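Keep in mind that this is a model prediction, so the values were computed, not measured. Values below: all heavy atoms of this structure, side chains included; hydrogens, waters and symmetry mates excluded.
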Number of protein chains: 2
Amino acid sequence: MNLKDLADQLNLSPTTVSRALNGYPEVSEVTRARVEDAARRYNYRPNTQAKRLATGRAMAIGHVIPISTQHEIVNPVFADFIAGAGEVYARSGYDLLMTIVPDEDQDRIYREIRSKRNVDGCIVHSPKMAEPRIGLLRELGLPFVVHGRATLETGPYSWVDMNNIRAFHRATEFLIDLGHRRIALINGIETMDFAHRRRLGFEQALAARGVQADPGLMASGEMTEAQGYHEAMAMLAGPQRPTAFLTSSLLSAMGVRRALGDLGLVLGRDVSIVTHDDDLSYLRNGGDEPIFTATRSSVRDAGRRCARLLLRQIELGKAAVPKPVGELLEAPLIVGASTGPAPGV
Amino acid sequence: MNLKDLADQLNLSPTTVSRALNGYPEVSEVTRARVEDAARRYNYRPNTQAKRLATGRAMAIGHVIPISTQHEIVNPVFADFIAGAGEVYARSGYDLLMTIVPDEDQDRIYREIRSKRNVDGCIVHSPKMAEPRIGLLRELGLPFVVHGRATLETGPYSWVDMNNIRAFHRATEFLIDLGHRRIALINGIETMDFAHRRRLGFEQALAARGVQADPGLMASGEMTEAQGYHEAMAMLAGPQRPTAFLTSSLLSAMGVRRALGDLGLVLGRDVSIVTHDDDLSYLRNGGDEPIFTATRSSVRDAGRRCARLLLRQIELGKAAVPKPVGELLEAPLIVGASTGPAPGV
DNA sequence: GTGAAAGCGCTAACAT
DNA sequence: ATGTTAGCGCTTTCAC
């Protein structure tokens with residue numbers, strides 16, 4: 001059943017039917033009702049491709065997921081983010097087009113996407129502090145929203161980001177309030193913007209409370225269980241061992257916990273762990289076991305917001321050049337059984 | 001630059017240019033070379049939408065990801081699977097179209113996808129033992145490949161699956177060989193086909209070696225850290241505690257490990273853990289720390305195979321009705337530091 | 001308020 | 001081997 005068939009059934013022209021279905025004002029309400037009714041009865045769905053060709057709009061958003069060839073890791077955050085974004089797209093009639101590319105091919109892929117014209121805009125994932133994709137997309141004239149920020153980028157661009165500085169500032173303060181002075185930071189790779197900001201928040205909080213930062217207690221790496229384990233083992237080996245760990249990821253935190261086990265240390269008594277991690281959504285949010293401090297479904301929310309922002313930008317784009325907007329989200333601070341006062345306090 | 005422009009530049013008809021670019025045999029090699037050269041120079045890219053409309057092929061594959069509304073979990077396996085599939089699509093010029101839907105809306109979504117005609121086929125994720133989507137897709141005439149199987153489905157269909165029965169059979173045998181007799185199974189939800197099969201493998205191995213299966217040592221649930229922890233705590237509470245755990249997921253295994261810590265039991269000495277988990281890809285495959293038995297990048301491989309199978313089916317579909325095919329993949333057995341002989345052996 | 005006609009950029013059947 | 005013509009199914013002027 002296509003537009004013409006439907007029009008024939010109704011003894012109307014395809015034009016009128018199209019107008020009725022797309023909410024144009026010049027159709028009489030009675031015809032509109034008739035058309036809508038018939039469309040429903042015949043289960044009519046407009047052919048997406050035809051619509052796209054005619055309007056010149058792809059009605060699709062691209063998500064280009066970089067896949068590092070060095071460490072075969074698909075960032076688990078993507079799943080939740082995309083779930084949120086997908087929700088919004090679905091409601092607005094957009095498709096989500098996903099492309100998985102090796103890190104080094106990104107440039108080529110974006111250009112290709114652009115010239116094939118099969119997306120109206122895209123989301124930039126995992127920005128680095130210096131992010132070449134922003135300049136590229138600007139040059140290509142493809143609307144985009146960055147999930148995160150790129151500190152070293154000078155031009156304007158739209159983004160949605162978690163307030164990483166504040167989250168780590170608060171988490172650090174929380175530990176300081178419990179009497180901890182030797183606090184270790186197990187961070188992500190610090191060329192990534194989020195990791196850079198997390199470190200800033202950590203350092204600022206220490207400085208604000210007059211606690212001396214110890215470079216030996218700051219590690220930056222790949223946010224795996226193994227990383228957490230190794231860094232914790234190393235840091236806990238010396239005489240000046242940390243009394244608390246602040247980690248960037250749930251996996252790292254689990255690694256730290258394993259290290260504690262191996263060393264016969266008790267979590268929450270000898271050593272505390274606080275983690276800011278969007279991955280917590282993998283654990284059942286049963287509420288029965290708040291082991292970690294974490295930002296729960298915040299990633300999904302970020303996905304929704306990114307999507308909304310981008311769609312608004314695209315819709316507006318037809319009329320005026322939209323001006324870039326940023327949205328800063330706060331991470332909830334959830335405190336659980338993994339923390340306690342510093343030993344001797 | 002579109003086809004017509006390019007043709008004008010070359011003093012050829014759009015038809016010839018199209019034929020040259022699409023590898024039709026009737027073009028002379030010299031014209032083809034001229035055309036290809038010009039296309040490259042002008043950076044010509046065919047408009048995807050137009051091509052799709054003209055050919056009636058969407059050049060896209062749909063992935064419908066069910067998102068359970070009850071437990072807010074996005075199965076982390078999807079990320080890796082999709083990375084594999086995406087790789088194949090990219091090479092073949094297909095797009096990957098992702099839709100995230102609440103479990104209960106699936107029916108509607110598939111019908112919509114079908115009538116909007118924006119995918120040529122789709123992948124069915126996470127099949128249950130009784131899987132209604134298979135019948136639906138068959139009825140809709142939309143080509144599909146199932147990642148996994150649906151035991152209770154009687155009709156033919158194409159699938160790619162991990163050999164879950166064998167994986168768990170071998171893992172169980174491995175533990176029996178180490179002298180373990182009281183082996184606990186921490187499984188996924190057993191209406192899911194993979195979980196059902198894993199249990200089968202476990203039970204078959206016990207039976208084959210004359211070990212009595214204990215219903216008290218079999219748990220089925222959501223594969224979270226909390227599940228592993230709770231089930232392990234419960235099972236280890238009694239006097240007849242298990243000496244080994246076989247878990248379906250890395251998270252569950254981590255939960256079990258935490259329980260051991262809380263109870264002062266030593267991993268690999270008092271209790272062994274073996275886990276079959278595709279999630280291990282989240283951990284850096286540094287090789288320095290084989291804590292678990294696992295199927296590593298196997299999920300990504302499954303993604304690739306599913307995609308290839310589906311594309312083949314679609315290409316063939318034009319000519320003949322393709323007959324369903326199944327592919328059974330073996331999971332590697334990786335053994336690490338988390339296992340040891342049964343106490344007293 | 002409705003319809004006829006042209007066109008979006010490509011492919012494919014039918015010439016030549 | 002190349003060109004002509006007619007669509008694919010929709011939107012969008014423009015005319016009534």
Side-chain angles (χ1 to χ4, degrees), chain A residues 1-36 38-39 42-60 93-95 112 114-120 315 318, chain B residues 1-36 38-39 42-60 93 95 112 114-120 315 318-319:
Chain A
M1 171 66 63
N2 61 22
L3 190 64
K4 184 162 181 313
D5 296 341
L6 186 60
D8 288 349
Q9 294 294 330
L10 288 160
N11 275 327
L12 284 171
S13 73
T15 317
T16 305
V17 177
S18 167
R19 283 198 275 241
L21 258 25
N22 290 301
Y24 282 64
E26 60 259 56
V27 231
S28 79
E29 277 317 311
V30 41
T31 2
R32 190 191 303 281
R34 262 187 71 216
V35 172
E36 278 172 349
Y42 291 108
N43 195 31
Y44 166 77
R45 292 278 180 289
N47 179 310
T48 328
Q49 324 301 348
K51 197 165 195 158
R52 286 171 181 176
L53 180 56
T55 57
R57 303 184 47 195
M59 294 306 285
Y94 279 78
D95 284 336
E112 205 151 273
R114 179 56 182 161
S115 42
K116 282 173 61 184
R117 309 192 125 52
N118 53 358
V119 302
D120 295 316
E315 306 285 334
K318 295 179 295 189
Chain B
M1 171 67 62
N2 62 21
L3 191 65
K4 185 163 179 314
D5 296 340
L6 187 59
D8 288 349
Q9 293 295 329
L10 289 160
N11 277 325
L12 284 171
S13 75
T15 317
T16 305
V17 177
S18 168
R19 282 197 275 240
L21 258 24
N22 291 302
Y24 282 65
E26 60 260 55
V27 246
S28 77
E29 277 318 310
V30 41
T31 9
R32 191 192 303 280
R34 262 186 71 215
V35 172
E36 278 171 350
Y42 291 109
N43 194 30
Y44 165 77
R45 291 276 180 292
N47 179 312
T48 328
Q49 324 301 347
K51 196 166 195 158
R52 286 170 180 177
L53 179 57
T55 56
R57 302 183 48 194
M59 294 305 286
D95 284 336
E112 206 150 274
R114 180 58 183 158
S115 41
K116 282 171 61 184
R117 312 196 119 60
N118 52 358
V119 301
D120 296 315
E315 306 285 333
K318 295 179 295 188

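When every heavy atom of B:Ala7 is checked against every heavy atom of B:Ser13, the shortest pair comes out as CB-C, 3.8 Å.
Judged by closest nucleotide on DNA chain D, B:Pro14 is the one of B:Pro14 and A:Asn22 placed further toward the 5' end. Remark on DNA chain D: of its neighbouring residues B:Thr31 and A:Met1, the 5'-side contact belongs to B:Thr31, judged by nearest-heavy-atom nucleotide.
Rounded to a whole Å, the CG atom of A:Leu10 is 15 Å from the C1' atom of C:dG3. Nucleotide C:dC10 holds its C1' atom 14 Å from the CG atom of A:Asn47, rounded to whole Å. Atoms CG (A:Asn118) and P (C:dG9) sit 15 Å apart, rounded to a whole Å. Following rounding to the nearest Å, B:Leu6 (CG) and D:dG3 (P) show an atom-to-atom distance of 13 Å. Atom C1' of nucleotide D:dC10 and atom OH of A:Tyr44 are separated by 7 Å, given to the nearest angstrom. The CZ-C1' distance, from B:Arg57 to C:dC10, rounds to 14 Å in whole Å. Straight-line distance from the CE atom of A:Met59 to the C1' atom of D:dG9: 16 Å, rounded to whole Å. At whole-Å resolution of the value, NZ in A:Lys4 and P in D:dT11 are 16 Å apart.
Using modelled atom types, one side-chain atom of B:Arg32 and one backbone atom of B:Tyr24 make a donor-acceptor pair closer than 3.5 Å. Formation of a donor-acceptor pair under 3.5 Å by the B:Asn118 side chain with backbone atoms of A:Thr48 is not found in this model. Formation of a donor-acceptor pair under 3.5 Å by the B:Asp120 side chain with backbone atoms of B:Ala58 is found in this model.
Side-chain proximity of A:Ser13 to the nucleotides C:dA4, C:dT11, C:dG7 is greatest for C:dA4. Side-chain atoms of A:Glu26 lie closest to C:dT2 of the nucleotides C:dT2, D:dC10, C:dT11. The side chain of A:Pro46 has D:dC10 as its nearest neighbour among C:dC8, D:dC10, D:dG3. Listed nucleotides: C:dG9, D:dT11, C:dG1. Nearest to the side chain of A:Ala54: D:dT11. In this structure, of C:dT11, D:dC10, C:dT2, it is D:dC10 that holds the atom nearest to the side chain of A:Ala50.
For the OP1/OP2 pair of C:dC8 and a distance below 4.0 Å, the side-chain nitrogens and oxygens of B:Asn2 include no atom meeting the criterion. In this model, the phosphate group of C:dA12 is approached by a side-chain N or O of B:Tyr24 to a distance below 4.0 Å at OP1 or OP2. Between A:Ser18 and D:dC10 there is no side-chain polar atom (N or O) within less than 4.0 angstrom of OP1 or OP2.
A salt bridge does not link B:Glu112 to B:Arg117: none of the charged nitrogens lies less than 4.0 Å from a carboxylate oxygen.
Backbone-only contact: B:Thr55 has heavy atoms under 4.0 Å from sugar-phosphate atoms and none from a base. B:Asn11 comes within 4.0 angstrom of the backbone, heavy atoms only, and of no base. Residue-level contact check: A:Arg19 touches the bases, meaning some heavy atom is under 4.0 Å from a base atom.
For A:Thr15 against D:dT11, a side-chain-to-base donor-acceptor contact under 3.5 Å is absent.
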Using side chain to side chain contact (heavy atoms under 4.5 Å, CB included), reason through A:Met59 and A:Asp95 one step at a time and then give a plain yes or no. CA-CA 6 Å; A:Met59 294 306 285; A:Asp95 284 336; over 6 Å; no
